[in-house]
Amino acid sequence: MGSFHIPQSQNPRLYTTERSVLSQRCYGEDGVRIPRATLKEAQTALLEYLHSTRSIQFVDAENMSKNSPHFLRKLLKKVEIVKDVRRSMSRFLRYHPINEFEPFFESLGLKPCEYTPLLPRDLMFLSDDCLLLENYRVLCEFGVERNKIGQIYKKAVQVFQHDFGVLLLKLQAYQKLGLSQSFIAKIIVYSPHVLTGDIDIKFIKVLEILNGLGFDYAWIKEHLSEKEFYNWSMIFRVLKFFREMGCSGELGGLISQHPRLLFEGSSGRVLSLIAFLLKFGLRMDRISSMFLQFPEIQVSHFVSNIIRFFLFFKEIEMEVDEIGKIVCSYPILLGSCTLKKTSSLLHDLNVGKKRLCKYIQENPQELSKWGMGTRVRPLPDSGEGVESQKLKTKFFLDLGYGENPNMLKKAFKVFRGRGGELQERFDTIVNAGLDQEDVSKMVRVSPQILNQSKALIQSKIDILVNELGFPLSSLILFPSYLSYTTQRVRLRLAMYNWLKDQGKAEPDLALSTIISWSDKIFLSQCVNNHPSGPQVWEDLKAEFTRDK
């Protein structure tokens with residue numbers, strides 16, 4: 001490291017089987033081992049500088065020098081070591097002042113990646129932030145572990161901005177409410193925001209409820225984590241909600257068995273889950289029963305699993321009412337299983353969306369067998385495929401394809417969907433007001449128009465007639481209209497109508513021409529006819545994209 005010299009006689013050991021915290025401190029960021037003696041000398045030099053030169057209290061200076069290994073290693077890289085590490089470090093520090101906030105924050109338990117964004121912009125010396133040091137010492141004297149104070153600073157920097165004497169009064173206020181000093185010292189590490197304003201009444205109420213249910217402060221401390229952020233107001237809402245749901249009698253047992261319902265994510269995920277289930281119509285007593293049977297799983301995973309199932313049901317185009325029935329009937333099953341991807345299931349089950357919806361509605365318990373890591377077997381043949389093939393063949397014969405095997409083979413490739421679905425889509429166009437023979441000719445010319453759902457075909461016909469003002473007979477001349485997206489149709493006609501109003505477009509341009517032209521041809525033949533055309537075109541595209 002740096003330029004210090006390691007004599008060969010020391011025979012430094014460059015490997016280890018298991019690194020303790022102390023041994024890890026002997027390694028630089030590049031993995032090269034720094035001798036313990038070198039580190040100790042560097043620590044001593046830093047301690048002397050902080051205490052003797054910078055007048056930082058000895059206890060604080062010692063903590064900073066002993067508990068900032070990353071800073072020390074970085075510092076050693078800059079120092080030219082000549083024989084004596086301690087003297088070389090002292091000489092360097094005499095002429096190169098350090099940013100004291102770096103070793104200070106590291107000694108409070110923060111990693112460089114955590115404290116770097118927290119470093120003051122215009123300060124280098126701790127003495128320039130007297131409130132930070134004052135409130136830090138108040139916490140130390142109150143019994144908060146020094147290496148935990150960094151978490152308090154990271155979560156609630158306001159705690160270290162209190163004026164002299166204010167922080168101690170806040171701590172004493174909680175003591176007067178009956179909380180022990182050791183309990184408060186732990187709680188403020190997990191939830192420092194209780195010290196940022198007035199007394200957190202919701203925090204006190206949560207403690208009172210939990211104490212009333214038989215949970216002591218030791219149990220509460222045991223189930224809190226430094227990694228979480230605790231919103232006591234939200235936790236209080238969940239406790240209140242459980243009572244309103246009728247869980248009062250079993251609330252103690254529920255919390256004892258599943259403390260994460262309260263403390264994971266400050267109960268926010270529990271409230272989200274309750275809102276989700278209520279939206280689908282699950283009654284309060286059923287929600288209460290669900291929580292009493294809650295599985296051994298993180299609440300976040302449970303919620304994620306249910307949402308995953310919901311999205312799966314939407315992807316296979318299941319009706320909303322049917323989704324609601326399954327969610328309300330099997331919330332525990334859905335929340336306990338991490339479902340495979342939709343594409344994987346459709347492939348593994350060898351089934352279409354329509355049949356899969358029907359199968360799930362008839363066999364909802366089977367959903368538990370389709371989780372990640374499980375082997376999913378294809379569904380048994382239902383016989384529907386044979387029936388669909390018969391209906392398809394009949395449909396093609398009725399269209400006039402004849403019994404020529406080659407023509408039928410081509411037809412099967414072009415038309416997507418079951419026989420019954422194709423007939424239903426065909427009937428949708430006829431029922432809009434067209435003659436059956438005309439629709440048959442339309443399909444023979446543009447077979448792809450039947451490769452859409454019934455609802456989409458109805459929507460496109462409605463837009464053509466009622467929104468754009470074209471006669472229904474336009475479809476006979478231009479059946480491919482049904483193949484284009486509604487966004488393309490609206491955009492092209494909006495641009496064409498603007499140009500026509502400006503006198504820069506042919507007044508009777510055919511619908512097929514306006515829509516079927518490629519973008520390049522449409523721009524050159526229409527849009528560019530007006531100086532402002534390109535800008536209007538871009539504005540219209542942005543508008544229709546936003547609406548979509």
Side-chain angles (χ1 to χ4, degrees), residues 311 314-315 317 320 353 399 411 413-417 421-422 424-548:
L311 295 174
K314 293 287 288 181
E315 284 183 54
E317 299 172 12
V320 175
K353 293 180 179 180
L399 277 181
K413 288 183 178 180
V414 172
F415 291 95
R416 295 195 302 268
E421 292 173 336
L422 293 175
E424 185 182 56
R425 296 165 189 171
F426 181 90
D427 293 342
T428 298
I429 303 175
V430 173
N431 294 335
L434 292 176
D435 183 74
Q436 184 167 333
E437 183 59 34
D438 288 333
V439 177
S440 297
K441 291 177 182 177
M442 288 168 55
V443 173
R444 285 197 293 272
V445 172
S446 301
Q448 71 277 9
I449 66 175
L450 293 187
N451 292 337
Q452 305 172 80
S453 68
K454 172 184 173 182
L456 186 56
I457 292 172
Q458 287 176 327
S459 172
K460 289 182 176 181
I461 292 175
D462 180 67
I463 290 170
L464 178 71
V465 177
N466 298 320
E467 182 181 320
L468 303 177
F470 285 87
L472 186 61
S473 57
S474 303
L475 287 175
I476 300 173
L477 297 174
F478 182 44
S480 293
Y481 159 82
L482 294 171
S483 302
Y484 292 96
T485 65
T486 55
Q487 184 183 10
R488 178 189 180 102
V489 171
R490 284 170 168 150
L491 175 60
R492 290 288 182 91
L493 285 168
M495 187 68 218
Y496 170 71
N497 288 333
W498 182 84
L499 289 166
K500 193 164 63 171
D501 291 341
Q502 305 298 316
K504 295 295 183 179
E506 295 179 28
D508 298 318
L509 203 59
L511 176 66
S512 58
T513 302
I514 298 171
I515 297 175
S516 61
W517 265 344
S518 67
D519 282 345
K520 184 177 181 180
I521 295 175
F522 186 74
L523 284 169
S524 63
Q525 296 294 324
C526 291
V527 176
N528 294 337
N529 288 344
H530 193 287
S532 302
Q535 184 58 53
V536 173
W537 174 249
E538 292 301 323
D539 292 343
L540 286 172
K541 280 204 297 186
E543 180 183 340
F544 281 107
T545 302
R546 184 169 60 250
D547 289 344
K548 183 184 178 183

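For clarity, every value in this text was computed on a predicted model and none was experimentally measured. For this chain, numbers begin at 1 and follow the sequence in order.
- With contacts defined as side-chain heavy-atom distances shorter than 4.5 Å, the pair Trp517/Ser524 does not qualify.
- Among residues two or more places apart in sequence or in another chain, the ring pair (Phe, Tyr, Trp, His ring centres under 6.0 Å) test is passed with Phe478 by none.
- Not a single salt bridge (Lys or Arg N to Asp or Glu O under 4.0 Å) links Glu315 to another residue, sequence neighbours left out.
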Can you give each donor-acceptor pair under 3.5 Å made by side-chain atoms of residues 428-439, sequence neighbours left out, with the distance rounded to 0.1 Å?
residue, atom, partner, partner atom, Å
Thr428, OG1, Glu424, O, 2.9
Asn431, ND2, Asp427, O, 3.0
Asp435, OD2, Glu437, N, 3.0

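- More than 12 heavy atoms of other shown residues, nucleotides or ligands fall within 6.0 angstrom of atom CD in Gln502.
- The salt bridge (charged side-chain N to carboxylate O under 4.0 Å, His left out) contacts involving residues 525-536 comprise nothing, where partners must be two or more places apart or lie in separate chains.
- Residues forming a ring pair (Phe, Tyr, Trp, His ring centres under 6.0 Å) with Phe522 (at least two apart in sequence, or on another chain): Trp537.
- In this structure a side-chain-to-backbone donor-acceptor pair under 3.5 Å is missing from Arg490 to Phe544.
- Applying the ring pair (Phe, Tyr, Trp, His ring centres under 6.0 Å) test to pairs two or more places apart or on separate chains, none has a residue in residues 428-450.
- Taking Pro471 as the reference, Ser473, Ser474 meet the side-chain contact (heavy atoms from CB on, under 4.5 Å) condition, with sequence neighbours excluded.
- A search for salt bridge (Lys or Arg N to Asp or Glu O under 4.0 Å) contacts involving Asp519 returns Arg492, not counting sequence neighbours.
- Judged purely by atom type and a 3.5 angstrom limit, Thr513 has no side-chain atom pairing as donor or acceptor with the backbone of Leu509.
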If you look only at distance, which donor and acceptor atoms sit under 3.5 Å apart when one is on a side chain in residues 453-466 and the other is two or more places apart or in another chain?
residue, atom, partner, partner atom, Å
Ser453, OG, Leu456, N, 3.2
Lys460, NZ, Gln452, OE1, 2.7
Lys460, NZ, Leu482, O, 2.8
Lys460, NZ, Tyr484, O, 2.9
Asp462, OD1, Asn466, ND2, 2.5

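- For the pair Leu422 and Arg425, the minimum side-chain heavy-atom distance is below 4.5 Å.
- By the salt bridge (Lys or Arg N to Asp or Glu O under 4.0 Å) test, Lys504 pairs with no residue at all, sequence neighbours left out.
- The shortest distance between side-chain heavy atoms of Tyr481 and Ser446 does not fall below 4.5 Å.
- The structure places CD1 of Ile449 at 7.5 Å from OG of Ser480, a figure rounded to the nearest 0.5 Å.
- For Gln535, the side-chain hydrogen bond (donor to acceptor under 3.5 Å, both in side chains) partners two or more places apart in sequence, or in a different chain, are Asp539.
- For the salt bridge (Lys or Arg N to Asp or Glu O under 4.0 Å) test, residues two or more places apart in sequence or in another chain that qualify with Glu538 are Lys541.
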